[in-house]
Amino acid sequence: MAKTVAVLMGGLSAERPVSLRSGNACADALEAEGYKVLRVDVDADIAKTLAEMQPDVAFNALHGPGGEDGRIQGILEFLRIPYTHSGVLASALAMDKQRAKIVAKAAGVPVAEGRVMHRLDVAKKHPFTPPYVVKPVAEGSSFGVLIVREDQSQPPQQLYAADWPFGDMVLVERFVHGRELTCAVMGEVALDVCEITTEGFAFYDYDSKYSDGGSIHIVPAALPPVVARKIQEWSLAAHKAVGCRGVSRSDFRYDDRFSEQGEIAWLEINTQPGMTPVSLVPDIARAAGHSFGELLTWMVEDASCDR
């Protein structure tokens, strides 16, 4: 009999719309692969819902807090429902960008220099000589990311806003010039490196990520072989150091303005990469010979508890 797969989507985070797109795309593809699919819009009663459903596998298509920070993973562990992607510890660690950088750096991965500060302190005085980047410590999809350019005389004043929705602590990083690169890991294998270019957008922000034509994915990226190998090695090293399972995606900046090898800086690891029709991991997997359906089938068959 075909496995029953509960595709968890939606949720309560700011990334709910993206999760719904990912979840429905995955549900459609898994049905085409012959699985019995239950589409679950996650709410506060999710533990009760899953206990009543008792699916064979939970496919986690949630994004953001609650879905990729260890909380839903803990519920699934308690219910002993095998699930996709990373476990409780790796999910929580990867969601905290600064702590994940500490672990990745200890594993030999070069990271962008940065520190966590209170947003009001950042708003008072430049913490770095511009350019630098301000980002929420635990958000995805580039929500709340602010780039401070060389010519800006003061820090971002929106950090003073009483309705700032991303928490008081922010990560401030030195801005690394250059190209936007990412690399997916599938199990124990680092796939091709992808370059992301954005036309008409200041950077790879929410709109460029999820708008049709907002970004172009070049797979494999046109890189010197030694640079591509290093990025693959560091992606796999970060995946293992953080304790990821299934599929992850590491993001990098590559500054090749002054030399071919240039500067490479790891930014973060994503344990719940997007699975929309314009997402990166499906494109990277396709270049490695895995159709969307094959990628999802691998993830379902890889699902387990105690991840």
Side-chain angles (χ1 to χ4, degrees), residues 1-11 13 15-42 46 49-50 53-64 66-68 72-73 76 81-86 91 140-141 182-192 194 196 206 209-220 239 244-249 270-305 307:
M1 291 180 62
K3 287 181 179 178
T4 298
V5 181
V7 179
L8 309 183
M9 65 180 89
S13 80
E15 295 184 71
R16 173 180 172 80
V18 179
S19 175
L20 289 171
R21 291 177 65 184
S22 282
N24 281 308
C26 292
D28 290 344
L30 288 170
E31 285 177 338
E33 293 293 318
Y35 292 99
K36 180 181 177 181
V37 174
L38 304 172
R39 299 173 193 238
V40 183
D41 190 344
V42 172
I46 185 59
T49 300
L50 287 171
M53 282 183 174
Q54 281 298 308
D56 296 312
V57 172
F59 189 101
N60 187 0
L62 293 165
H63 300 306
E68 55 182 307
I72 191 69
Q73 292 81 3
L76 293 164
I81 297 173
Y83 59 96
T84 59
H85 299 85
S86 295
S91 299
S141 292
T182 192
C183 182
V185 172
M186 185 175 173
E188 296 288 314
V189 178
L191 304 181
D192 282 325
C194 172
I196 306 147
Y206 181 90
K209 287 179 180 180
Y210 301 115
S211 300
D212 290 337
S215 61
I216 298 171
H217 305 163
I218 303 167
V219 191
H239 179 94
C244 297
R245 294 285 300 274
V247 171
S248 74
R249 198 194 76 229
N270 190 328
T271 59
Q272 296 283 134
M275 292 287 176
T276 71
V278 294
S279 293
L280 289 158
V281 168
D283 276 356
I284 295 170
R286 194 174 299 114
H290 307 290
S291 70
F292 190 45
E294 290 168 347
L295 169 64
L296 299 183
T297 295
W298 182 89
M299 294 170 75
V300 167
E301 299 304 323
D302 175 68
S304 68
C305 293
R307 296 174 74 80

To the nearest 0.5 Å, how far apart are [atom1] in [X] and [atom2] in [Y]?
X	Y	atom1	atom2	result
Leu30	Thr4	CG	OG1	12.0 Å
Tyr83	Leu8	OH	CG	11.5 Å
Tyr35	Leu296	OH	CG	9.0 Å
Thr297	His290	OG1	NE2	12.0 Å
Met9	Cys26	CE	SG	8.0 Å
Ile81	Met53	CD1	CE	9.5 Å

Do [X] and [Y] make a side-chain contact, defined as non-hydrogen atoms from C-beta onward lying under 4.5 Å apart?
X	Y	answer
Gln272	Thr84	no
Leu62	His85	no
Cys244	His239	yes
Arg249	Leu280	yes
Val300	Asp56	no
Ile196	Thr182	yes
Val281	Val247	yes
Trp298	Met186	yes

For the student: nearest non-hydrogen atoms of [X] and [Y], plus distance:
X	Y	result
Val40	Ile46	CG1-CD1, 3.7 Å
Gly23	Val7	O-CG1, 3.5 Å
Leu295	Ala285	CD2-CB, 4.0 Å
Pro282	Gly274	CD-O, 3.9 Å
Cys194	Val219	SG-CG2, 3.5 Å
Ser13	Gly64	OG-CA, 3.9 Å

salt_bridge([X], [Y]) N-O dist < 4.0 Å:
X	Y	value
Arg21	Glu15	no
Asp192	Arg286	no
Lys36	Glu31	no

Set out, in order, the CA-CA distance, both residues' side-chain angles and the distance that settles side-chain contact (heavy atoms from CB on, under 4.5 Å) for Ser91 and Gln73, then state yes or no.
CA-CA 8 Å; Ser91 299; Gln73 292 81 3; 3.4 Å; yes

Ignoring hydrogens and geometry beyond distance, is a side-chain donor-acceptor pair present between [X] and [Y] at under 3.5 Å?
X	Y	answer
Asp283	His217	yes
Arg307	Ser304	yes
Arg245	Ser86	no

Backbone N/O of [Y] and side chain of [X]: donor-acceptor pair under 3.5 Å:
X	Y	result
Asn60	Gly67	yes
Ser248	Asn270	no
Ser279	Thr276	yes

Decide yes or no on side-chain contact (heavy atoms from CB on, under 4.5 Å) for Val5 and Glu33, but give the supporting numbers first.
CA-CA 12 Å; Val5 181; Glu33 293 293 318; over 6 Å; no

side-chain hydrogen bond (donor to acceptor under 3.5 Å, both in side chains) between Ser22 and His63: does it pass, once the steps are laid out?
CA-CA 9 Å; Ser22 282; His63 300 306; 3.1 Å; yes

